[in-house]
Amino acid sequence: MAARQPFTDTDTADEAVRTTCDDATTCKRFATSKGYWKDPYIQYFARSVGERKAPEINRGYYARVQGVNHLLDAFIRKAECDCQVINLGAGLDTTFWRLKDKNLMPRKYFEVDFPTVVARKIHNIKTKPPLSKPVIETHSTDSLLLDAHSLDSDRYCILGADLRDISNLDEKLKKFQLNPELPTLLVSECVLVYMTPAHSSNLVRWAAETFHTAMFINYEQVNMSDRFGQVMIENLQRRQCTLAGVEVCQSLDSQKERFLKACWEHADALDMMTVYSMLPQDDVARIEQLEFLDERELLQQLLQHYSICWATKDKLNLGLAQLAF
């Protein structure tokens, strides 16, 4: 029997990153319970609403969810659903079910995460009919594959892989019918920041080299060199969570640069305060009535330290460079 590998600092760091998946899920569950947006599926991944979250956290998640969904839906519409989506580090995200309910299903929706996260998600899907039924409904053949670390149906695939191991990632995706010829949307939310700049650049370059018509949406920290950013870093370090890629999060320009250096044709980036101000203002007014916000300045600081960066390449001339807020 092979000797067990010694437990390393990387294992500890990876475990800390895996716990951020639960943080995001419980925050989303709480915000939806308050009425910030509707997500009937999140309840099947977070056992309870949990403890109260501060209003600025709820508004931050609202901006994140609405901002990413705006670009994601716009891409799928541009491609007229004749496309595929790869959610990198998807965690317990519920986008597949939202897209099915909106009749905005791409040809295939892929999710990749650590095998332990994937195993939990698959267990939840298998044991909760409101999750499994839509997967079965979008599957037409008898060959639905389901094991501990992967689910593969006609329209939905979840697989366990390490995003730092590009050749393994590429091999697994192609095994599950990833089509490099289809317009492809890649999404990562607070994922690249936990990878070294070399690893995240490799991933971003792999995407640019694999797909001729594609968009990459990346949501994560920005403006991290000021005092507020330093406090965020220290808070995460106390939980053994190291932002290995924080140097790419210095500015909106450094975020865009990562994509432009890796062969993407076009890149844009906005901080989340700007995104928040560009979301449909009638809905923003509605959510601002939900809870009293004591310190608007704190919300502003928080949103100025997160960003959405999106990059495109467009051999098929779908007009991807026009996608914006």
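No experiment lies behind these values; they were computed from the predicted model shown.
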ask   = Are Asp73 and Leu104 close enough that some pair of their side-chain heavy atoms sits under 4.5 Å apart?
value = yes
task = For residues Pro180 and Lys174, report the shortest heavy-atom separation together with the two atoms involved.
result = CG-CE, 4.1 Å
message = Would you say that more than 12 heavy atoms from the other residues, nucleotides or ligands in this model lie under 6.0 Å from the CD of Glu234, or not?
response = yes
key: Full working for side chain to side chain donor-acceptor pair (under 3.5 Å) between Asp170 and Ser167   = CA-CA 5 Å; Asp170 187 73; Ser167 60; over 6 Å; no
key: Cluster companions of Val248 among Ile, Leu, Val, Met, Phe, Trp, Tyr (side-chain spacing under 4.5 Å)   = none
remark   = Residues at least two apart in sequence or cross-chain that pass side chain to side chain donor-acceptor pair (under 3.5 Å) with Ser188, listed by chain then number, are Asn218
Where Gly160 and Lys172 come nearest, the two heavy atoms and their spacing = O-NZ, 2.7 Å
task = Please determine if Asp101 and Arg98 form a salt bridge, counting it only when a charged side-chain N lies under 4.0 Å from a carboxylate O.
result = no
message = Please determine whether side-chain contact (heavy atoms from CB on, under 4.5 Å) holds for the pair Leu279 and Tyr62, giving the CA-CA distance in whole Å, both sets of side-chain angles, and the decisive distance to 0.1 Å.
response = CA-CA 10 Å; Leu279 293 173; Tyr62 168 83; 4.0 Å; yes
task = May I ask you to test the Tyr41-Thr32 pair for a side-chain heavy-atom distance under 4.5 Å?
result = no
Spacing of Tyr306 atom OH and Met224 atom CE [to the nearest 0.5 Å] = 7.0 Å
request  = For residues 81-91, pull every pair meeting salt bridge (charged side-chain N to carboxylate O under 4.0 Å, His left out), keeping only residues two or more places apart or in separate chains.
outcome  = Asp82-Arg107
Minimum-distance pair of heavy atoms, taken over all atoms of Ser201 and Ala262 = O-CB, 4.5 Å
message = Can a donor-acceptor pair be found, under 3.5 Å and without considering hydrogens, that links the side chain of Gln240 to the backbone of Leu236?
response = no
ask   = Would you call Lys28 and Asp93 a salt bridge, taking side-chain N to carboxylate O under 4.0 Å as the test?
value = yes
message = Return the CH2 to CG distance between Trp37 and Asp283, rounded to the nearest 0.5 Å.
response = 11.5 Å
key: Asn235-Arg238 side chain donor-acceptor pair, cut-off 3.5 Å   = yes
note = residues 266-302 vs ring pair (Phe, Tyr, Trp, His ring centres under 6.0 Å), sequence neighbours excluded, gives none
message = Show the nearest heavy-atom pair for residues Val275 and Gly67, with the distance to one decimal.
response = CG1-CA, 4.2 Å
query = Counting distance only, does the side-chain N/O of Lys313 pair as donor-acceptor with the main-chain N or O of Ala208 below 3.5 Å?
reply = yes
Shared hydrophobic cluster for Leu270 and Leu260 (ILVMFWY, side-chain gaps under 4.5 Å) = no
query = Under 3.5 Å, is there a donor-acceptor pair linking the side chains of Ser150 and Asp147?
reply = yes
request  = Go through the steps to decide whether Cys83 and Leu182 satisfy the test side-chain contact (heavy atoms from CB on, under 4.5 Å), and finish with yes or no.
outcome  = CA-CA 5 Å; Cys83 60; Leu182 270 184; 5.7 Å; no
ask   = Any side-chain heavy atom of Lys121 sitting closer than 4.5 Å to one from Glu111?
value = yes
ask   = Under 3.5 Å, is there a donor-acceptor pair linking the side chains of Gln301 and Glu56?
value = no
message = Suppose the criterion is ring pair (Phe, Tyr, Trp, His ring centres under 6.0 Å): which pairs have a residue in residues 115-146, not counting sequence neighbours?
response = none
ask   = Any link between Leu298 and Val222 through a network of hydrophobic side chains (Ile, Leu, Val, Met, Phe, Trp, Tyr) touching at under 4.5 Å?
value = no
task = Drop me the distance from Glu257's CD to Ser251's OG, to the nearest 0.5 angstrom.
result = 9.0 Å
Student check: side-chain heavy atoms of Phe45 and Asn124 closer than 4.5 Å = yes
Nearest-0.5 Å distance, CZ of residue Arg29 to CG of residue Asp39 = 10.0 Å
request  = Decide whether Val231 and Leu299 are clustered together by the hydrophobic rule: side chain heavy atoms of Ile, Leu, Val, Met, Phe, Trp, Tyr closer than 4.5 Å, transitively.
outcome  = no
key: Non-hydrogen side-chain atoms of Leu316 and Pro183 separated by less than 4.5 Å   = yes
Nearest heavy-atom neighbours spanning Leu293 and Pro55 = CD1-CB, 3.8 Å
message = Using the side chain to side chain donor-acceptor pair (under 3.5 Å) criterion, which residues pair with Ser200? Sequence neighbours excluded.
response = Arg258
message = If hydrophobic residues (ILVMFWY) are linked whenever their side-chain heavy atoms come closer than 4.5 Å, directly or via other members, who joins Phe259 in its cluster?
response = Ile86, Leu88, Phe110, Val112, Leu145, Leu159, Leu163, Ile166, Leu169, Leu173, Phe176, Leu178, Leu186, Val191, Leu192, Met195, Leu203, Val204, Trp206, Phe211, Phe216, Trp264
message = Under the rule for ring pair (Phe, Tyr, Trp, His ring centres under 6.0 Å), what residues qualify as partners of His305, not counting sequence neighbours?
response = Phe228
message = Checking side-chain polar atoms at under 3.5 Å, does Tyr36 have a donor or acceptor matched by the opposite partner on Gln66?
response = no
task = Begin with the C-alpha distance, continue with both residues' side-chain angles, and end with the deciding distance and a verdict on side-chain contact (heavy atoms from CB on, under 4.5 Å) for Thr95 and Val68.
result = CA-CA 11 Å; Thr95 300; Val68 171; over 6 Å; no
query = Have Asp22 and Thr25 got a donor and an acceptor in their side chains that come within less than 3.5 Å?
reply = no
query = Arg59 versus Leu302: any side-chain heavy-atom pair under 4.5 Å?
reply = no
query = Are Trp97 and Met105 connected, step by step, through hydrophobic side chains (Ile, Leu, Val, Met, Phe, Trp, Tyr) whose heavy atoms are closer than 4.5 Å?
reply = yes
message = Between Gln177 and Asp152, is the side-chain contact (heavy atoms from CB on, under 4.5 Å) condition met? List the steps.
response = CA-CA 9 Å; Gln177 286 77 55; Asp152 186 44; 3.6 Å; yes
note = For Ile42, the other hydrophobic cluster members (4.5 Å side-chain criterion, sorted by chain and number) are none
task = Determine whether Met272 and Ile308 make a side-chain contact, defined as any pair of heavy atoms from C-beta on separated by less than 4.5 Å.
result = yes
query = Does Val49 sit in a hydrophobic cluster with other residues, and if so which ones, taking ILVMFWY side chains as linked at heavy-atom separations under 4.5 Å, directly or through other members?
reply = Phe30
key: Pair Asp23 + Arg239, salt bridge at N-O below 4.0 Å   = yes
query = Hey, what do you get for NZ (Lys315) to CG (Leu320), rounding to the nearest 0.5 Å?
reply = 14.0 Å
ask   = For Lys133, what residues pass the side chain to side chain donor-acceptor pair (under 3.5 Å) criterion, not counting sequence neighbours?
value = Glu137
ask   = Can we say Arg296 and Glu288 salt-bridge, meaning some charged N sits less than 4.0 Å from an Asp/Glu carboxylate O?
value = yes
message = Keeping Glu265 on the side-chain end and Asp314 on the backbone end, is there a donor-acceptor pair under 3.5 Å?
response = yes
query = Between the side chain of Trp310 and the main-chain N/O of Ala324, is any donor-acceptor distance below 3.5 Å?
reply = no
ask   = When rounded to the nearest 0.5 angstrom, what distance separates CG in Asn58 from CZ in Arg52?
value = 7.5 Å
task = Kindly give the heavy-atom pair with the smallest separation between Cys81 and Asn103, and that separation in Å.
result = SG-O, 4.5 Å
query = With sequence neighbours left out, what residues match Phe96 under ring pair (Phe, Tyr, Trp, His ring centres under 6.0 Å)?
reply = Tyr156
Leu72 side chain near Leu99 side chain, heavy-atom distance below 4.5 Å = yes
